[in-house]
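Data first, discussion second: the structure below is written as structure tokens.
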Amino acid sequence: MKILLAIDGSDFSKVAIHELIKMTLSSNSEIHIINVYELPKTTGLGLHTMGGKIGNYIEEIRSNAQKLGNKIVSEAFDKIKAENKALTITTSVVSGLPKSTINEKAENWGADLIVVGSQGHGAFSRLVLGSVSQYLTTNAKCSVLIARDRNKK
């Protein structure tokens with residue numbers, strides 16, 4: 001079984017990690033842990049007059065997001081591997097719109113299951129663009145497990 005675990009470091013994605021750990025998986029199961037971060041849009045007049053500083057600012061944001069993403073997937077990798085050393089686990093940290101990037105990765109990789117938390121970072125993004133989990137349940141070509149914390153309301 002090929003399982004794509006999409007996480008963002010939120011408490012909701014920690015619940016997704018925990019739910020995945022609880023699953024009984026065969027030793028030939030593969031897990032790919034992905035973190036997708038969004039870069040701010042840099043369009044508009046006047047940005048070119050900043051003498052290249054905006055490019056440095058965006059690169060710093062990208063670098064910090066990549067470092068944070070690497071930490072998030074590394075911690076998840078360690079937790080899952082500690083519970084089942086036989087699993088094949090890979091990771092990636094990429095830039096893009098989370099809902100479509102996760103879906104594309106699942107399709108391209110041939111995932112049998114996507115595991116996500118019920119919510120994540122970015123309340124404004126959810127309001128404007130819609131929930132990642134909602135998008136995946138509607139558009140993914142494989143099964144989707146939405147992990148929920150039973151103790152939260």
Has Thr101 got a side-chain atom pairing as donor or acceptor with Pro98's backbone, closer than 3.5 angstrom? no

Checking Ala86 now: which residues fulfil side-chain contact (heavy atoms from CB on, under 4.5 Å) with it, not counting sequence neighbours? Ser27, Asn84

From Leu5 CG over to Thr91 OG1, what is the distance, rounded to the nearest 0.5 angstrom? 11.0 Å

For Glu83, give me all partners under side-chain hydrogen bond (donor to acceptor under 3.5 Å, both in side chains), at least two apart in sequence or on another chain. none

CG on Asn70 to OG on Ser92, rounded to 0.5 Å: 10.0 Å

All side-chain hydrogen bond (donor to acceptor under 3.5 Å, both in side chains) counterparts of Thr90, not counting sequence neighbours: His32

Distance check, rounded to the nearest 0.5 Å: His18 atom NE2 versus Asp149 atom CG? 9.0 Å

I need the full list of ring pair (Phe, Tyr, Trp, His ring centres under 6.0 Å) pairs touching residues 65-102, with sequence neighbours left out, sorted by first then second residue. none

Residue list, side-chain hydrogen bond (donor to acceptor under 3.5 Å, both in side chains) with Ser143, at least two apart or on another chain: none

Output the distance between atom CD1 (Ile7) and atom CD1 (Ile102), rounded to the nearest 0.5 Å. 10.0 Å

In Å and rounded to the nearest 0.5 Å, what is the CD1 to CG distance from Ile3 to Leu87? 8.0 Å

Listing, residues 19-26 side-chain donor-acceptor contacts under 3.5 Å, not counting sequence neighbours, or none:
residue: Glu19; atom: OE2; partner: Lys22; partner atom: NZ; Å: 3.0
residue: Ser26; atom: OG; partner: Asn28; partner atom: OD1; Å: 2.3
residue: Ser26; atom: OG; partner: Ser29; partner atom: OG; Å: 3.3

What's the verdict on side chain to side chain contact (heavy atoms under 4.5 Å, CB included) for Arg148 and Val15, showing C-alpha distance, side-chain angles and the deciding distance? CA-CA 7 Å; Arg148 297 184 185 279; Val15 171; 5.7 Å; no

Residues which pass salt bridge (charged side-chain N to carboxylate O under 4.0 Å, His left out) with Arg62, listed by chain and number, not counting sequence neighbours: Glu59

Nearest heavy-atom approach of Phe12 to Ser118 is CD2-OG, 3.4 Å

With rounding to the nearest 0.5 Å, note down the distance linking NZ in Lys14 to CG in Asp8. 10.0 Å

All heavy atoms of Ile146 vs all of Ser133, minimum pair found to be CD1-CB, 3.8 Å

For Lys99 and Leu136, which heavy atoms make the closest approach, and how far apart are they? O-CD2, 3.8 Å

Closest heavy-atom pair, Ala16 versus Ala147, reported as atoms and distance to 0.1 Å, is CA-CB, 3.5 Å

The side-chain contact (heavy atoms from CB on, under 4.5 Å) partners of Ala140 (sequence neighbours excluded) come to Asn103, Ile114, Val144

Ala111: what forms a side-chain contact (heavy atoms from CB on, under 4.5 Å) with it, not counting sequence neighbours? Leu4, Ala106, Trp109, Cys142

Minimum heavy-atom separation for Asn35 and Gly69, please, with both atom names. OD1-CA, 3.4 Å

Kindly indicate whether the side chain of Val36, heavy atoms from C-beta on, has any atom under 4.5 Å from the side chain of Val132. no

Polar side-chain atom of Ser10 near backbone of Ser13 as donor-acceptor pair, under 3.5 Å: yes

Name all residues meeting the salt bridge (charged side-chain N to carboxylate O under 4.0 Å, His left out) criterion together with Lys141; count only those two or more places apart in sequence or in a different chain, and write none if there are none. Glu107

The salt bridge (charged side-chain N to carboxylate O under 4.0 Å, His left out) partners of Glu75 (sequence neighbours excluded) come to Lys71

Any residue meeting side-chain contact (heavy atoms from CB on, under 4.5 Å) with Asp112, in chain and number order, not counting sequence neighbours: Met1, Lys2

